[in-house]
Amino acid sequence: MEKNNRREFIKTVGVGAAAVGAGIAASAVPAMAKKEKTFRWKMCTTWPPHFPMLGESADKIAQWVDEMSGGRLKIEVYGGGELVPAMGTFDAVSQGTVEMGHAASYYWAGKVPAAQFFAAVPFGFNAQSINAWILSGGGMELWEEVYSKFNIKPFLAGNTGAQMGGWFNKEINSMEDFKGLKMRIPGLAGKVLAKAGGSAILMAGGDIYTNLERGVIDATEWVGPFHDLKLGFYKAAKYYYYPGWHEFGTAFECMINKDAWNLLPDDLKAIVEAATYKSNIWMLSEFEAKNNAALRELVDVHKVQLKEFPKPVIKEMRKLSQEVLEEQAASDPMFKKVYDAFLAFQKNIYGWNKLSEEPYQELKKL
Ligand code: CA
């Protein structure tokens, strides 16, 4: 214990002892009692228990909060289906069945379309830009507004970085090749695929491999090399496409029931917030550090054929993506409000990127 801290500690204990002994400074007692109260929370997640990176990051948030709070806030983490179904996480937090949830906000597209901007939208932000938008560019205020009527307080809690375009059993040489293509690709990206003439097929993560192998689907996207290698998609599909136009930097969320949040003393609130920030940078760093080794294994050991989507295909998919976003904006005022803010920040960040990221990427080609 530092000398100053020890003095503070003795002083604090002294006040407590005096209060107990002489019945004075009574106001100090409830304050201390409140500070020392222990909280027990439950956190539901949309991931299989301890799932690499995603479930792990939920586990780590609980561990860090426990360590930083000296055990005053204990969080029990549940995988999807252990307490409530994975896709019931949002409602469980909203209704206070659990205090906390860990997920990606685009899972709630059916209930809260505007929430998708805080995870990923096609041709949206990369990890650096979504962090800048949400944490420093007004995105968090909008996210809080979108979630407030559900009694949820959101925090950023991780990011995959750029994802891959997916696994295909046929080559994509032109837009024609999307016609009739059956692909597992969720959300707004699925709507873009439908506009291109394909069909987006929804299925649980655990069913993708079998469906791809049996030809029920022709293609699937998942995450990036680190996760895709673990799921063994290279055994069921020939071509691995990039870039992941639909998810350039998917963000994850930690949701907290507002009633539970309001009961926490300020220092525990600060600790929870700090743990989510740590998780946000931890997950992105893990993906960025480990993706290339997994990619090398896929290509060198498993002989996966890497393919880049042709530029005209990407250009057309971008056009279709804008149409999808504009159609959603026309039917949902909150979606439009967030979309307008997203577009304004995109313009802002692209302006700076011209002098920062673009020359940096060009340097690699010298
Ligand atoms: Ca994905």
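Reckoned from all heavy atoms, side chains included, excluding hydrogens, waters and symmetry mates. Note that ligands are numbered from 1 as they come in the structure, with each ligand's atoms numbered from 1 the same way.
Put simply, Ile185 stays out of reach of the Ca ion (ligand 1), with no N, O or S atom under 3.0 Å from it. When distances to the Ca ion (ligand 1) are checked against a cut-off of 3.0 Å, Gln163 contributes an N, O or S atom below that limit.
Summary: OE2 is the N/O/S atom of Glu247 found nearest to the Ca ion (ligand 1).
A salt bridge links Lys153 to Glu144: one of the charged nitrogens lies within less than 4.0 Å of a carboxylate oxygen. Using a cutoff of 4.0 Å between basic side-chain nitrogens and carboxylate oxygens, Lys191 and Glu327 are not scored as salt-bridged.
Not less than 6.0 angstrom separates the ring centroid of Tyr277 from the ring centroid of Phe155.
No donor-acceptor contact under 3.5 angstrom links the side chains of Asn131 and Asn159, judged on distance only.
Expressed to the nearest 10°, the angle at the Ca ion (ligand 1) joining O in Trp222 with OE1 in Glu221 is 80°.
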